[in-house]
Amino acid sequence: MKLITYLFVISLLLFNLSMVRAEVAISTPSGTTATSSADTKESNDVKNIKEKLASITRKKDQRAMGGFCKIKDSKVSLVDSEGVEYSVVIDESLTKVYQINGSSKKEIKSSDLKQDMYIVSTGPTVDKSISANVVLVDDAYVVQSGKITEINKTDFFIKVTAQDKEEYTLDIEAGTKQNMINPKTLEIEKIGFSKIKEGDVVHFAAKKDTSDKNSKNRFAAQKILVIPQEYFMK
Amino acid sequence: MKKETGYAILLGVTFGVVLSLVMIFKTKDSQMGKSKPLTSEKKVVPTVQDTNSLTQTFKINEPQDRQIFNTKSISIKGVAEKDSVLIIQSPIKDIVFKVEKEEFSVDMPLALGENVISLTLYPKNSQGRSQQKELRIYYLDEQ
């Protein structure tokens with residue numbers, strides 16, 4: 001009888017022991033128990049490092065936003081290429097406003113910002129509000145490509161259908177840089193307007209503003225790069 | 001029935017339960033570690049082949065759209081189909097080159113302010129469809 005009782009007790013002990021081991025395995029250390037001064041200092045150091053890392057990450061991940069300027073009740077906002085409006089919060093003591101002229105920039109006042117100027121703004125963005133660190137007044141560009149569908153040799157313009165089916169009219173002016181890709185060597189060669197043919201593909205860059213002409217997708221081309229049809233017939 | 005017999009039955013049942021629990025846990029652990037398919041038969045999954053996606057790999061790894069730089073030029077890195085032609089155009093620079101390896105890296109100068117960079121890939125098969133991507137990169141020499 002005694003032997004049986006001992007065996008029963010031992011088996012129960014073994015069972016409890018296995019349960020305790022399982023509990024130890026899933027237990028996790030708690031971070032709220034550190035109370036000593038050394039631990040507090042260490043946690044402060046960690047906090048500082050975390051904050052520094054966060055600021056570096058913020059700087060690294062900082063993005064800029066460009067769009068046409070809108071001014072209403074002295075409040076500045078910009079409308080990006082997708083038509084989304086962002087309010088630009090300008091702090092007179094912090095925000096720097098510059099006008100870009102080629103490769104240099106000149107500091108201007110925020111009151112110099114006018115409706116329809118193209119502006120680029122950087123700074124922390126929350127929702128659709130940019131707390132501007134810097135505002136740059138810049139030129140807006142459209143850089144696109146498409147197939148030439150019409151050439152007007154009297155008024156010197158070409159019509160282009162882009163990949164997104166958008167139709168563009170490009171005025172080829174005296175200052176327009178006209179180049180063509182050699183289909184065999186892929187070298188870029190200078191050309192004249194007469195070399196351009198319907199069916200060629202053209203890559204172009206043009207300045208953009210909010211004028212009626214531009215809103216109808218008509219631009220004065222700054223430069224064009226033509227890929228002749230022969231390239232696609234290989 | 002004697003008392004001893006009752007204890008023996010109870011002990012036997014308890015031991016059995018403990019043993020079975022141990023066995024269950026051990027079996028579960030080993031199954032979590034390595035799960036094997038029941039059959040070695042290979043599954044045939046029918047797929048529709050999209051020739052466009054097969055022939056035109058085009059991905060820009062660097063830089064990110066709307067990224068800000070403090071340098072006058074950047075490296076554009078990405079992956080494209082071998083032997084395809086890539087045209088990179090911005091208002092200040094045009095670059096045309098054949099993608100020799102699948103990965104490419106090109107240096108691109110930046111203008112102060114906003115840089116709209118258009119990247120168009122013409123596949124090796126010149127009859128194939130071209131692909132276009134656009135990046136807006138900002139060069140601010142003071143940040």
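So you know, we letter chains A, B, ... as the sequences are listed, proteins then strands, and number each from 1.
From Leu140(B), atom CG reaches atom NZ of Lys96(A) across 14.0 Å, with rounding to the nearest 0.5 Å. To the nearest 0.5 angstrom, Leu186(A) atom CG is 11.0 Å from Leu86(B) atom CG.
At a 4.5 Å heavy-atom cutoff, the contact between Lys98(B) and chain A is made by backbone and side-chain atoms alike. Only the side chain of Asp80(A) comes within less than 4.5 Å of a heavy atom in chain B; its backbone stays farther off. The contact between Ser81(A) and chain B is made entirely by side chain atoms (from C-beta outward), counting heavy-atom distances below 4.5 Å. Heavy atoms of Gln144(A) lying under 4.5 Å from chain B belong to its backbone as well as its side chain. Neither the backbone nor the side chain of Ile137(B) comes within less than 4.5 Å of any heavy atom of chain A.
Counting only distance, with no hydrogens or angles, the side chain of Gln163(A) and the backbone of Ser130(B) share a donor-acceptor pair below 3.5 Å.
Side-chain contact between Val85(B) and Tyr231(A) is present, with at least one heavy-atom pair separated by less than 4.5 Å.
Within 6.0 Å of CD in Glu103(B) there are 12 or fewer heavy atoms belonging to other residues, nucleotides or ligands. The 12-atom threshold is not exceeded at NZ of Lys70(A), counting heavy atoms of other residues, nucleotides or ligands nearer than 6.0 Å.
Between chain B and the options Ser145(A), Ser103(A), Ala140(A), Gly102(A), the largest number of non-hydrogen pairs under 4.5 Å is found for Ser145(A). The choice from Tyr139(B), Phe97(B), Tyr138(B) that makes the most heavy-atom pairs within less than 4.5 Å of chain A is Tyr138(B). Counting heavy-atom pairs under 4.5 Å between each of Asp164(A), Val143(A), Asn179(A), Asp138(A) and chain B puts Val143(A) at the top. Among the candidates Val142(A), Asp139(A), Val137(A), Ile181(A), the residue making the largest number of heavy-atom pairs closer than 4.5 Å to chain B is Ile181(A). Of the listed residues (Gln222(A), Glu187(A), Met65(A), Lys223(A)), the greatest number of heavy-atom pairs within a distance under 4.5 Å of chain B belongs to Lys223(A).
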If you apply the rule side chain to side chain contact (heavy atoms under 4.5 Å, CB included), what do you find for Ile227(A) with Val96(B), and how did you get there?
CA-CA 11 Å; Ile227(A) 308 175; Val96(B) 181; over 6 Å; no

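Gly66(A) approaches Arg66(B) most closely through the heavy-atom pair N-NH1, 4.0 Å.
Against chain B, the residues from residues 200-207 of chain A that qualify, each with a non-hydrogen atom under 4.5 angstrom away, are Val201(A), His203(A), Phe204(A), Ala205(A) in number order. Heavy-atom neighbours of chain A within the stretch residues 108-120 of chain B, taken at a separation under 4.5 angstrom, comprise Leu112(B), Gly113(B), Glu114(B), Val116(B), Ser118(B), Thr120(B).
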